[in-house]
Amino acid sequence: MGLRIFNTLSGAVEPFRPAEQGPVRIYVCGVTPYADAHIGHARPAVVFDVVRRWLERRGYRVHLVQNFTDIDDKIIARAAEVSEDPARLAERYIGRYLEAMDALGVRRADAYPRVTGHVSEIIQMVAGLEKKGYAYRSNGDVYFDVSRFEPYGRLSRRSVAELRAGARVEVDEKKDDPADFALWKAARPGEPAWESPWGPGRPGWHIECSAMSLKYCGSPLDIHGGGADLIFPHHENEIAQSEGYTGTSPFVRWWMHVGLVNLHAEKMSKSLGNVVEVAALLRSYRPEAIRLYLLNAHYRRPIDFDTAHLRAAEQAVERLENAVARLEHLREAVARGLAQPARESADNDSLVAGARRALERMSSALDDDFNTAEALGVVFEWTRGLNTALAGGSPPPTAALEAALEVYGEVRDVLGVLPPEAETSLEPEMRALVEAREAARRRRDWTTADRIRDQLAERGIVLEDTPQGVRWKRRERVRP
RNA sequence: GGCGACGUAGCCAAGAGGUAAGGCAGGGCUCUGCAAAAGCCCCAUUCGGCGGUUCGAAUCCGCCCGUCGCCUCCA
C-alpha cells in the first residue's frame with residue numbers, strides 16, 4: 001500500500017495522490033513573529049520536516065512554502081512597547097525563529113514569503129472578491145460576506161447559524177453579519193499602512209495565506225498544513241476566499257493539522273503566557289531528544305509538555321546512539337585489523353533479513369499517515385534484537401554490519417532523531433588522555449588509570465571498556 | 001450552549017474485530033582490575049465505567065463519567 005494521509009476536510013485517511021506530475025506542493029502556516037518560538041511552534045515545524053523528508057524518500061519532489069505573518073495587531077503593539085519599527089521587529093524575530101528551527105534540525109523551506117512583500121497580490125485578490133460580489137466595503141474596511149459562500153463551514157464542521165448562536169462572536173456594527181471577516185482593515189493613525197482602492201490600510205489576517213499560497217503553490221495545492229487551532233477560522237476563511245476568488249474547488253487537496261502542545265493540560269500559547277521557549281529547551285536538551293519527544297506520539301494527537309518526557313527522550317536517543325557507536329566501533333576494529341569479522345552464517349543472514357524487515361516496517365508505518373511513533377517502536381525493537389546478536393562482541397560479516405548501519409541511516413535521515421554525523425573525532429588533548437589511561441591499564445597501574453578516567457569524566461567524556469578496546473562518548477548535557 | 005478529539009502499566013505511547021509494539025522509570029542478571037558505561041531478562045489476563053453486537057471487542061454500537069481543544073488572537 002502506498003502513502004495515506006488523513007484529510008481534515010473528509011475526516012478520513014485517504015490514499016495520497018498529488019495533483020500534478022511536478023513537485024508535491026506544500027504550504028504550511030508559519031508564525032506571527034513578535035516573540036520567541038515556543039515548543040508549540042516547534043511541533044508543526046518538525047512534523048512537516050518529517051513529512052517532506054518522507055515524501056522525498058518516497059521519490060517525490062517537494063516544494064515547501066511557509067509564510068510569516070509579519071504585520072498584525074500584536075506586532076504593532078509589541079513594536080510600540082519597545083519603540084521599534086514593526087517591520088524590523090518582525091524581521092528580528094523571524095531570524096530567531098529560523099535559528100531555533102535550524103538548531104532542531106528542521107530543513108529550510110523552499111520559500112518563506114512575508115505579508116509585507118505581497119500586499120499588491122493581496123489587494124488584487126480582495127478587489128477580485130469584491131468584483132465577484134463576495135466582499136463589501138464598510139468604513140474603509142472590506143469584509144468577506146460569508147453568506148455568499150455556500151460551503152462555508154465544511155472544513156471545521158460548523159454552520160454559519162451555529163456561529164451566530166455561539167454568542168462568542170464579537171458583534172461589530174461594521175459587519176453585516178457577525179460571522180463575516182475582514183479582508184482589508186482601514187489604517188488607524190500611526191499604524192503601518194498601504195495605499196489601496198479602499199484607502200490606506202493593511203491586509204486582514206486570513207487573506208495573506210490565500211494570496212501567497214496561490215502565488216507559490218498554485219491551485220489546487222497538494223497539502224496545506226498548520227496547527228489544529230488554525231482549522232477555524234483561519235483555514236475555513238482561506239477556503240472561502242481562495243475558492244471564491246479562483247472559482248475553482250478544491251483549493252487544497254489535503255488539509256493536515258498538527259495536534260497542540262499543552263502545558264499542564266492547558267493549551268500553550270503566548271496569550272496565555274504559559275510558553276516554554278525552544279531556545280531555552282535547547283540549552284538543556286539535545287535537538288534529537290526534542291525531536292524524539294515530538295515524534296513519539298502521532299502528529300494529530302495533542303501532547304503534554306513535561307521535562308520528564310524530554311529526559312525520557314534523551315535516554316532513548318542515547319540507546320540508539322549506543323547501538324550505532326557499537327556498530328561503528330566494530331567496523332573500525334575490523335578495518336584496523338583488530339578483529340576478524342565472523343564468517344557468513346545463518347545467524348548473520350537473519351541479521352541482514354532483520355534489517356531489511358525493520359526498514360520495511362518503518363516504511364509502512366510512515367506510509368500510514370506518518371505514524372512516527374510506530375516507526376520509532378520498530379527501530380527500538382530492532383535495536384534490542386541487534387544488541388542481542390552483537391552480544392558476543394565479535395563483529396558480524398561486513399554485509400550484516402552495513403545492513404544494520406543502514407537502518408540507523410534511515411532513522412537519521414527521515415526522523416532526525418540521531419545526530420547528523422557520528423562524532424568520531426576527539427580533541428587531541430583528550431585522545432592523549434585516553435591513550436595514557438590505556439597505557440596505565442596495560443601496566444596494571446589502576447590508580448593512574450582511574451584518575452585519568454575521572455579527569456575525562458569531568459570534561460564530559462565517558463569511557464567504556466570493550467573487548468575491542470576502549471570506546472568513548474560525550475555526556476555533557478545538563479538535565480534540569 | 002454548539003462542534004470535535006481523547007481516556008491503554010508508575011509516566012509517555014502505538015495498536016482500531018483474532019487474543020496488548022516501543023521508550024522512560026523500577027527490579028534482577030552479565031561483562032569488568034574495581035568502577036562506570038553498556039547489554040540482556042522481568043515488569044498490563046488487560047485497554048475510564050456499565051450495557052449490547054459477535055465464535056471472538058482495547059478495537060463496532062449505546063449510555064454514563066472524566067480530560068482537552070475549537071467556537072476570539074493563536075502553531
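So you know, we letter chains A, B, ... as the sequences are listed, proteins then strands, and number each from 1.
Dashed line: the shortest gap from a side-chain N or O of A/Arg319 to OP1 or OP2 of B/G23 is under 4.0 Å. Remark: A/Lys267 is not in phosphate contact with B/A75, judged by side-chain N or O atoms under 4.0 Å from OP1 or OP2. Dashed line: the shortest gap from a side-chain N or O of A/Arg384 to OP1 or OP2 of B/G22 is under 4.0 Å.
Nucleotide B/A38 forms a Watson-Crick or G-U wobble pair with B/U30, both donor-acceptor distances falling under 3.5 Å. Here B/C60 sits opposite B/G52 as a Watson-Crick or G-U wobble pair (both hydrogen-bonding atom distances under 3.5 Å). Both distances falling under 3.5 Å, in either a Watson-Crick or a G-U wobble arrangement, place B/C6 opposite B/G66. Under the Watson-Crick and G-U wobble criteria, each requiring two contacts below 3.5 Å, nucleotide B/A14 is left unpaired. Across all strands shown, nothing is found opposite B/U45 as a Watson-Crick or G-U wobble partner with both distances under 3.5 Å. Remark: B/A25 base-pairs with no nucleotide in the shown strands. Criterion, Watson-Crick or G-U wobble with two distances under 3.5 Å.
A/Val379 comes within 4.0 angstrom of no nucleic acid atom, judged by non-hydrogen atoms across all strands. Among the protein residues, A/Gly40 comes within range of the nucleic acid bases, having at least one heavy atom under 4.0 Å from a base atom. Residue A/Ile231 is classed as having no contact, given no heavy-atom separation below 4.0 Å to the nucleic acid. Within the 4.0 angstrom heavy-atom criterion, only backbone atoms of the sugar-phosphate kind lie near A/Ala316; the bases stay farther away. Residue contacts shown for A/Asn322 are limited to sugar-phosphate atoms, with no base heavy atom under 4.0 Å away. Contact annotation for A/Val31: backbone-only contact, meaning every heavy-atom pair under 4.0 Å involves sugar-phosphate atoms and none involves a base. Counting non-hydrogen atoms under 4.0 angstrom, A/Leu463 reaches a base of the nucleic acid. Counting any heavy atom pair closer than 4.0 Å across all strands shown, A/His298 reaches sugar-phosphate atoms only and no base atom. Heavy atoms of A/Gly30 sit under 4.0 angstrom from primed sugar atoms or phosphate atoms, though from no base atom.
Taking atom P in both B/C24 and B/G69, the straight-line distance is 30 Å, to the nearest Å. Between B/C60 and B/U54, the two C1' atoms lie 10 Å apart (nearest whole Å). Here the separation of B/A21 from B/C12, taken at their C1' atoms, is 14 Å to the nearest Å. Between the C1' atoms of B/G66 and B/U8, the separation comes to 15 Å (whole Å). Spacing between B/A75 and B/U67 at atom P, rounded to whole Å, works out to 27 Å. Going from the C1' atom of B/U59 to that of B/C43 covers 25 Å, rounded to whole Å. Distance noted for atom C1' between B/C3 and B/A9: 33 Å (whole Å). Taking atom C1' in both B/A16 and B/C31, one finds a spacing of 43 Å when rounded to whole Å.
Taking a cutoff of 4.0 Å between a charged side-chain nitrogen and a carboxylate oxygen, A/Asp222 and A/Arg25 qualify as a salt bridge. Under the 4.0 Å criterion applied to side-chain N and carboxylate O atoms, A/Glu406 and A/Arg356 are not assigned as salt-bridge partners. A salt bridge links A/Lys267 to A/Asp229: one of the charged nitrogens lies within less than 4.0 Å of a carboxylate oxygen. A/Asp450 has a carboxylate O that lies under 4.0 Å from a charged side-chain N of A/Arg453, or vice versa, which qualifies the two as a salt bridge. With respect to the salt-bridge test (charged N to carboxylate O, under 4.0 angstrom), the residues A/Arg114 and A/Glu91 qualify.
Between A/Arg158 atom CZ and B/G1 atom P there is a gap of 17 Å when expressed in whole angstrom units. The NE2 atom of A/His309 sits 12 Å away from the P atom of B/A14 (whole-angstrom rounding). Between the CD atom of A/Gln315 and the P atom of B/C24 there is a distance of 7 Å, rounded to whole Å. Summarising the geometry, the separation between OH on A/Tyr285 and C1' on B/C24 is reported as 13 Å, rounded to the nearest angstrom.
A distance of 5.5 Å separates CD1 of A/Ile223 from CG of A/Leu55, quoted to the nearest 0.5 Å. Taking CG from A/Leu230 and NE2 from A/His235, the interatomic distance works out to 4.5 Å, rounded to the nearest 0.5 Å. Rounding to the nearest 0.5 Å gives a distance of 10.0 Å between OG of A/Ser138 and CG of A/Asp180.
For the segment residues 433-446 of chain A, the set of residues with a heavy atom within less than 4.0 Å of an atom of RNA chain B comprises A/Arg437, A/Arg441, A/Trp446, in numerical order. In the region residues 369-378 of chain A, proximity to RNA chain B at under 4.0 angstrom, judged on heavy atoms, holds for A/Asn371, A/Ala373, A/Glu374, A/Gly377.
A donor-acceptor pair is defined here as one N or O able to donate and one able to accept, closer than 3.5 Å; such a pair exists between the side chain of A/Arg291 and the backbone of A/Gly105.
Checking B/A38, B/G23, B/C6 against every side-chain atom of A/Arg301, the shortest atom distance belongs to B/C6. Residue A/Asn387 has its side chain nearest to B/G39 when only B/A35, B/G39, B/A38 are considered.
Evaluation of atom-type donor-acceptor distances gives no pair under 3.5 Å for the side chain of A/Arg471 against the base of B/A38. Side-chain atoms of A/Arg157 and base atoms of B/C70 include no donor and acceptor less than 3.5 Å apart. Residue-to-nucleotide contacts include a donor-acceptor pair under 3.5 Å from the side chain of A/Asp465 to the base of B/A35.
A/Phe16 does not carry A/Arg4 over the face of its six-membered ring by the limits of under 6.0 Å from the centre and within 45° of the normal.
Side chains of A/Asp369 and A/Tyr299: a donor-acceptor N/O pair is present below 3.5 angstrom, by distance only. With no hydrogens or angles considered, a side-chain donor-acceptor pair links A/Glu236 and A/Ser156 at under 3.5 Å.
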